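To keep things clear, I will list the structure first and then write my remarks on it.
Not measured: the values here are computed from a predicted model. Reminder, nothing fancy here: chain letters follow the sequence lines and each chain counts from 1.
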There are 2 protein chains.
Amino acid sequence: MKKEIITLKKLAEILNLSISTVSRALNDHPDISETTKEKVKKLAHTMHYIPNLFAKGFRKHRTNIIGVIVPNITHYFTTTIVRGILEEASKRGYRVIISESNNDVKKQTEMLDTMIQFGVDGILASLTKMTRDIDKILPTINTVPFILFDKVSTKIPCTQITINDEEAAFNAVEHLINIGKKRIAIIKEREFSYNSEKRYAGYLRALKEHNIEVDEKIIISVDDISLHQGKSMTNLLLSFKKRPDAIFTITDSAAIGVIKTLNKFNIKIPEDIAVVGFSNNINSTIIEPKLTTIDQPGETIGKTSVKYLIEEIESVTDNITNKMIEIKGNLIIRDSTFKA
Amino acid sequence: MKKEIITLKKLAEILNLSISTVSRALNDHPDISETTKEKVKKLAHTMHYIPNLFAKGFRKHRTNIIGVIVPNITHYFTTTIVRGILEEASKRGYRVIISESNNDVKKQTEMLDTMIQFGVDGILASLTKMTRDIDKILPTINTVPFILFDKVSTKIPCTQITINDEEAAFNAVEHLINIGKKRIAIIKEREFSYNSEKRYAGYLRALKEHNIEVDEKIIISVDDISLHQGKSMTNLLLSFKKRPDAIFTITDSAAIGVIKTLNKFNIKIPEDIAVVGFSNNINSTIIEPKLTTIDQPGETIGKTSVKYLIEEIESVTDNITNKMIEIKGNLIIRDSTFKA
DNA sequence: CTGAAAGCGCTTACAG
DNA sequence: CTGAAAGCGCTTACAG
């Protein structure tokens, strides 16, 4: 079933040229005459010559493969990043190998090792939730160009690409203030997470700049920021004597849980309680009322990550300065905060 | 910054052994004495020897890479398949390279070529919507083991893995009949699509087996089966004198459009009109009422595809019989058809 | 049980 | 402008 494989050697034999010349002709080496080049290229074309990229990569100590690790490939936002990565990588002649850590730190470490062993030219990683033992990751950073995106950690010395969490959250909360809300609750993550902390910081700054007192009671921290937690925390918030008039959650899924619960109790959104999420999931327009949220430009994050990674890979010098890149997220105002 | 690379040669020098012996020791060749093996393995371990898989693959004419092509990586169902593929492939020692065709036939062809050129051991593909010119795909099938999943085409002679579209649709429609519905509309795709046709066939069979007359008026075909089309086709259906009492759509997104429109007109679901989708998207539990639908076990489809592909890759004989594998989807009954 | 040697398909200094 | 040769890191028939 296998077709005969055409190699440089075969072409050389047919053309009565040396392998070196054929190789150089195909690579447009300036030393080779135009006539020879044409001859060689023509034959290569008609015989459907396909260079063996493995031999090439092996020879050049380069594989042109980028390794990508994500915690969960089924998250919509992640897939938009992946799309950006695939597009930019393929445009620049790189292939992409993807692994999913399933938020398992051990798996993540294994995958990093496997990728190194496999000979990827560089790695793009989004960390698992609980990546505390940075020790396991540091060795790989020193082996191969390494960049973090989305779920990052300042403890790891490398270039990191995130959304402008703090500023975007600030804008979201300021929007709530602008529509007249004065008692704004936040639902965030309890465990330290870069994104959650930044968004919380943005929340605090917005309140401060608008002289709104911070009330610890309506700052809710949960272990697992999910639709389910959004529901139960809303129940909690509704049980307070002084109910909030707006709820900002650091993810859309939690925000959807909030809306579902408010709907259940026939609480008017946004009049009684406004809701803002973060991510612009596909779900955010399925729920009624549609959710005001921050659109995270996943494709841009993916493309940018690839750009910086390839820069490191192809850089001739070894002294790379680590950068913190923030991609702008945009507030999308929908019915959950605004009544047309 | 690059660490020194340990090779077989280096190990051999240190141990005063030949490269061949070291290689064999590491690969547990029976000829090598236990003492030597131990010595070699110990040093390899302490020196963190990592075999160069590219050299290995190059030597053995095998890359242990599987190429995967999907039309749209952001679709939830696709990501669950991808998850299954990644898991099964990694378990069997294969890496996965993913490409997204964006439903562009030309891109799809290019990607197939690139993958072949890159030397993947086999390809797993889900086709673009309009893959009519099979000619472009046939050459690759003859070059490398090739399997289709999800979006398949009977015109291509290869093993194909799909959900049991016909049967699942039959079950869905029979369920509607069982809850007392007698005038069941279907929203399907106009252009020939394997999945759509199969689901339509299941619909017809269910009506037939229950002696319900087929009414062409409520068999709606659209170009693009989307939420938006779900909405407009519902408007159309509602304009009929004889309205349907149930709507079966061949995708969840269309079904969600249906529900949104019915909600808008305060039509009771499921009492006045019941709704069934197909896929079990995440969205199907966000919408109210929650959507009855067919759960497609994406992970199983992914794993099964990998299983059959690797079987072909590692098969010694060339005569492989093409199989049509159907993975069972399960009807998930929710509020859009059932009132507890 | 171990080693020398060939070879996978390519690139590239070196020589002419 | 072209060629012979070395070498990337590994495996494996062949020989001893």
Side-chain angles (χ1 to χ4, degrees), chain A residues 2-41 43-44 47-65 93 116-121 143-144 314, chain B residues 2-41 43-44 47-65 93 116-121 143:
Chain A
K2 282 249 171 90
K3 283 197 299 190
E4 194 202 9
I5 290 166
I6 312 294
T7 63
L8 283 187
K9 196 175 156 202
K10 189 141 293 157
L11 294 180
E13 276 168 13
I14 295 175
L15 289 165
N16 240 326
L17 283 169
S18 73
I19 297 177
S20 343
T21 304
V22 175
S23 166
R24 279 191 275 248
L26 254 19
N27 289 316
D28 260 328
H29 191 98
D31 274 2
I32 307 295
S33 72
E34 276 310 317
T35 35
T36 310
K37 278 187 192 171
E38 267 173 38
K39 255 197 328 201
V40 173
K41 285 183 183 172
L43 185 72
M47 294 196 66
H48 294 105
Y49 167 69
I50 295 176
N52 180 328
L53 289 186
F54 265 73
K56 210 166 182 163
F58 170 47
R59 177 62 230 266
K60 291 190 149 188
H61 288 285
R62 283 277 292 286
T63 57
N64 272 39
I65 299 183
I116 298 290
Q117 158 169 9
F118 187 65
V120 296
D121 287 344
T143 313
V144 83
E314 297 183 349
Chain B
K2 280 250 173 90
K3 283 197 298 192
E4 194 203 8
I5 289 167
I6 313 293
T7 64
L8 284 188
K9 195 176 158 201
K10 189 143 290 157
L11 295 178
E13 276 167 13
I14 295 174
L15 289 165
N16 239 325
L17 283 169
S18 74
I19 297 177
S20 344
T21 304
V22 175
S23 166
R24 280 192 273 248
L26 255 19
N27 289 316
D28 261 328
H29 191 98
D31 275 1
I32 307 295
S33 73
E34 276 309 316
T35 35
T36 310
K37 277 186 193 170
E38 267 172 39
K39 254 194 334 198
V40 174
K41 284 183 184 172
L43 184 72
M47 293 195 67
H48 294 106
Y49 167 70
I50 294 175
N52 180 327
L53 290 187
F54 266 73
K56 212 166 180 161
F58 170 46
R59 178 60 230 266
K60 293 189 146 186
H61 288 286
R62 281 278 291 287
T63 57
N64 271 38
I65 299 181
I116 297 288
Q117 158 167 12
F118 187 66
V120 296
D121 287 345
T143 313

- Item | pi-stack flag for F58(B) and dC10(D), centroid dist under 5.5 Å, interplanar under 30° | no

Mind checking side-chain hydrogen bond (donor to acceptor under 3.5 Å, both in side chains) for [X] and listing every partner two or more places apart, or none if nothing turns up?
| X | result |
| --- | --- |
| T63(B) | D121(B) |
| T36(B) | S33(B) |
| E314(A) | Y94(A) |

- Whole-Å distance between dG9(C) P and L11(A) CG? 12 Å

- Between dC1(C), dT2(D), dC10(C), which one does the side chain of S33(B) approach most closely? dC1(C)

- Output the single nucleotide from dC10(C), dT2(D), dT2(C) whose closest atom is nearest the side chain of P51(A). dC10(C)

- Note on the structure: Note: for E34(A) and T7(B) on DNA chain D, the residue whose nearest nucleotide lies more 5' is E34(A)

- Note on the structure: side-chain contact (heavy atoms from CB on, under 4.5 Å) filter on I19(B), not counting sequence neighbours, yields L8(B), K9(B), A12(B)

- For I50(A), what residues pass the side-chain contact (heavy atoms from CB on, under 4.5 Å) criterion, not counting sequence neighbours? I116(B), Q117(B)

- The dot-bracket string of DNA chain C, counting Watson-Crick and G-U wobble pairs with both distances under 3.5 Å, using [ ] for crossing pairs and | for pairs to another strand, is |||.||||||||.|||

- Message: Please confirm whether the shortest side-chain N or O distance from Y49(B) to OP1 or OP2 of dC10(D) is below 4.0 Å.
- Response: yes

Show me, pair by pair, the donor-acceptor contacts under 3.5 angstrom made by side chains of residues 22-31 of chain A, not counting sequence neighbours?
from   : atom 1 : to     : atom 2 : distance (Å)
N27(A) : ND2    : S23(A) : O      : 3.1
D28(A) : OD1    : K41(A) : NZ     : 3.0
D28(A) : OD2    : K41(A) : NZ     : 3.3

- Assess whether side-chain contact (heavy atoms from CB on, under 4.5 Å) is satisfied between K56(B) and N64(B), documenting all intermediate values. CA-CA 10 Å; K56(B) 212 166 180 161; N64(B) 271 38; over 6 Å; no

Are any protein N/O atoms closer than 3.5 Å to N/O atoms in nucleotides 12-16 of chain D? If there are, list each pair with its distance.
from    : atom 1 : to     : atom 2 : distance (Å)
dA13(D) : N6     : R24(B) : NH1    : 2.8

